[in-house]
Each structure stands twice: as C-alpha cells, then as structure tokens.
Amino acid sequence: MPLIYVLADMEEAGTKIDKDRLAELSKELGRELETLQTRIYAIAGETFNINSPRQLGKILFENLGLKPGKKTKTGYSTGMDVLEDLARTHELPREILNYRTFYKLKTTYVDALPKLINETTGRIHTSFNQTVTATGMLSSSEPNMQNIPIRGEWGTRIREVFIADKKCVLISADYSQVELRVLAHMSNDRGLIDAFKKDIDIHTRTASELFNIPAEEITPDMRRMAKTVNFGIIYGISPFGLSEALNIPPKEAGIIIEQYFEKHKGVKDYIDNTLSAARNNGFVTTLLGRKRPVPEINSSNPNIRQQTERMAINTPIQGTAADLIKIAMINIWNGLKKQRLKTRMILQVHDELLFEVPENEIEDAKKLIKCGMENAIKLSVPLKVDIGAGKNWAEAH
DNA sequence: CCCTTCACG
DNA sequence: ACGTACGTGAAGGGT
C-alpha cells in the first residue's frame, strides 16, 4: 500500500492547464460543429438530433434505405465500425463520424476541463482510484486524465493545453511494448525473447513471420496487420475478434492465428497452461501474485466461458504490467525524496508517467525516472523506456 | 438509471 | 446458429 502516498502527492500536485487556449479551442470546435450540422441536415433532408442513435438510425436505415450492418438490443447500431462501412456507399455517414469526433472533443474535454480547475491552485486535480479495476490497473476520474485525446491534429492541440509551471518542463516517460515484453517473460517464448533482447521492431518481426518474407520487404500495411495480431494475442485472440479488427473473413483470421502459434510455441503453451490453471484454481495470477477470480471459467454457456477465457489470458499480462509500473512509481517517488529534488510526479497513464520538473533538475530527473522504470522488475527481457521533455504534454511526448 | 458511443492504454 | 477482441470513465439520449 505504499503507493497510496505517491497517489496522494500526485492528486495534490495536479496539472497546470492553459484555460484561455481551451476557450479558443472551444470556439473553433463550435464553428466546425455548426458547419457540419448544416451539411448533415441538408443531406438528410430534415433536422434531427444527431446525437440520438435512435433518430440517426431512422434517418440512415429507414429514410435513406441504407443497409443496417449490426443491431443492438434497442435497435440499429450506428457505432463507428458500422458508419465506417456505410461511408463507402453514402456521404452522410462520414459527416456523422466527423461530427461525432468534434462533439466528443468539445463536450468531454475542451468544455469539461475548465469547470474542474481548482480555484485555489488554478490546476486540475484528478482522482486516482486504486480499488476499481479487476486487473490491478489504476483508474482516474473527475476528470479522467487517462483518456485525454492524443491522436490526430486535435489530439495534439488538446495535449498542448497541459503545460508546465513557471521555470519547469514536463517530462513524459513511457514503456515501450511493455505488455508484449511481459508476455515474452511469462511465456518464455524463444522468438519473443530473442526479438526484445536484440531490440528488433516487434510488429515488423511478427509480420515477417506471418507473411514469410524478409523484414525489409514488409509494407506499412503488413506491419499494421501484425500489430493487430500482437494486440490480439494479449487480448485472448479469437478468429472472430481478429476478423472484425482486420476486416477480413474469420477463416483467414483463423489461419493467421494458427501461423502465429506455429512460430510461437512458447506463447501457445503459456496460454494453454494459464487456462488449465484457471480451470483448476478458479483464479489467475500476475507475476507478483495478484489474483483475479474467474468463477465463470467452466460455465456451460459457451459465450460466457469464452469471454472468461479471454479475461484469464489478458489479466496476468495486463495486471503484471500494472504491478510493474506501480513499483516504478514507488521507487521513483522515494528517489526524488532522497535526492531532495523538487520534481513532482503528476500523472500515470498505464504505461506512461508524467512529471513536472524544474529546469535545473532535468538531467537528474531524467536519469532517475528512466532508471526507476527500467529496473522496476528484473525480467528475462530488457524493459525499454522512451523519455522526452517539453513545455507541454504534446511536446514532452 | 440503463444504453450507446467513443476517448485512452 | 450464436456473438467477442482486454481494461477503463464520461457524455448524451431516452425511459
């Protein structure tokens, strides 16, 4: 439980934010949304509540006669993957997706964050919750600082409003491929261990194995597919899940999975052993002994059973990565105290730590952080940390 | 208060 | 024949 002092300090420190810049972004998003709304009503031929999946479903599938891909319990699905498919045959779904992106950014982040600025400190103080998740990860609420946008132009623009205090910089340090490294260790898979020891690009290497061609000939698209496969392994892969993610037939996805396990017998054995242990014990454990009960592992309902099997495969990996960064946080927090540094840990985002660092401490802090993270636990493969500094969160990355 | 959707790792 | 990728939190709609 020594982590609790670290979390308390992080919450108390908070994060500085550029309120004026947020107000500008809000205006700009408001204008974008108005334009999109006008365009959407023109295409639809009528006005409606774009934020209502029900009303939108009526427009798309009844008025315009588009083919409903999937259904939900309550009606037509209008989720991202459905609209992405429809966008190939009609211009409305693309505009809806654009609208939703901007609406999300405006309401969930740009307009919500200023309301949570503490009047005394002028900063945002999230809550880090230690007793919420089933895997041992932290969660963050009011606001959730672990799902701040990062992708695309607007992700960058939003991260730029998280800034360092006067005479300080932000330092961001994140683990590279930590879950796959944990898998390499726990499965003792020769191929994975070899790749990480040699610091080879893991997705390119997987692509090379799956497509049976040299790494130099791997295209970005092949690498993207391999990356999806690697994530899939950690999630407890299934042909259906992979086929959905890659937009290919389940049969092909099944062949790819077989290919993977053919090249990674260690991973295959590890998964089999994890599942049989789960069936015998009724729980799974992380490397450090954290347990998660999986009472439904022997359920007679195949859906529930398979879902539990995916949990049982994922939890030891995700949970070990969570344990690992928690140890790093405690070590770094102790190190900062011992060295009498004013550097403050301010955020944890699962595999990333963010610090506010006085300019004269940058070199010392970098050394301490990188070292603390890379040596949190001794694994059979090295842990790798990427670290950067900047005046805002976007620059620090 | 549940459902759907979508932001992040 | 069925229906899923793992883990979170927040906003808005609709009952």
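Values reported hereafter were calculated over all heavy atoms of this structure, with side chains retained and with hydrogens, waters and symmetry mates removed. The chains referred to below are lettered A, B, ... by the order of the sequence lines, with proteins before strands, and numbering in each begins at 1.
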Using a strict threshold of under 4.0 Å (side-chain N to carboxylate O), is an ion pair present between K268(A) and E258(A)?
no
Where DNA chain C forms runs of at least three Watson-Crick or G-U pairs (i with j, i+1 with j-1, under 3.5 Å), the stems are B:1-9 with C:6-14
Write down the distance separating the P atoms in dA7(B) and dG3(C), rounded off to the nearest Å. 26 Å
Rounding to 0.5 Å, atoms CD1 (I237(A)) and CZ (R310(A)) come to a distance of 11.0 Å
- Sticking with atom P, work out how far dT4(C) lies from dC3(B), rounded to a whole angstrom. 14 Å
So CE of M225(A) and OG1 of T206(A): to nearest 0.5 Å the spacing works out to 12.5 Å
Does any non-hydrogen side-chain atom of E62(A) lie less than 4.5 Å from one of Y76(A)? yes
Does some side-chain heavy atom of K198(A) sit less than 4.5 Å from a side-chain heavy atom of D194(A)? yes
Within the structure shown, what part of the strands sits under 4.0 Å from A134(A) by heavy-atom distance: base, sugar-phosphate, or nothing? sugar-phosphate
Its contact letters, B for base, S for sugar-phosphate only and - for none at protein heavy atoms under 4.0 Å, make nucleotides 2-9 of chain B read -SSSBBSB
Within a strict 4.5 Å, meaning less than it, do heavy atoms of the F196(A) and Q177(A) side chains meet? yes
Across all chains, not counting sequence neighbours, the side chain to side chain contact (heavy atoms under 4.5 Å, CB included) partners of S52(A) are N49(A), R54(A), Q55(A)
- Query: Just checking R305(A): base, sugar-phosphate only, or nothing, at a heavy-atom cut-off of under 4.0 Å?
  - Reply: nothing
Discussion item. Just so I know, are the side chains of I330(A) and Y5(A) near enough to count as touching, which here means a heavy-atom distance under 4.5 Å?
Written reply: no
task = Mind checking T126(A) for me? I need base, sugar-phosphate or nothing, with any heavy atom below 4.0 Å counting as a touch.
result = nothing
DNA chain C: first to last nucleotide in contact with chain A (atom under 4.0 angstrom from a heavy atom), 5' to 3', is dG3(C) to dT15(C)
Is the shortest distance from a Lys or Arg side-chain nitrogen in R123(A) or E356(A) to a carboxylate oxygen in the other one below 4.0 Å? yes
Sorted by chain and number, sequence neighbours left out, side-chain hydrogen bond (donor to acceptor under 3.5 Å, both in side chains) with N375(A) holds for none
Residues in residues 12-27 of chain A with a heavy atom under 4.0 Å of DNA chain B, by number, are none
Would you say the side chain of L29(A) lies within less than 4.5 Å of the side chain of W154(A), judging by non-hydrogen atoms?
yes
Check ion pair K106(A)-E32(A) (N to O, under 4.0 angstrom): no
Contact class for Y103(A) (heavy atom, under 4.0 Å): base, sugar-phosphate, or nothing?
sugar-phosphate
N-O pairing of R205(A) and E209(A) below 4.0 Å: yes
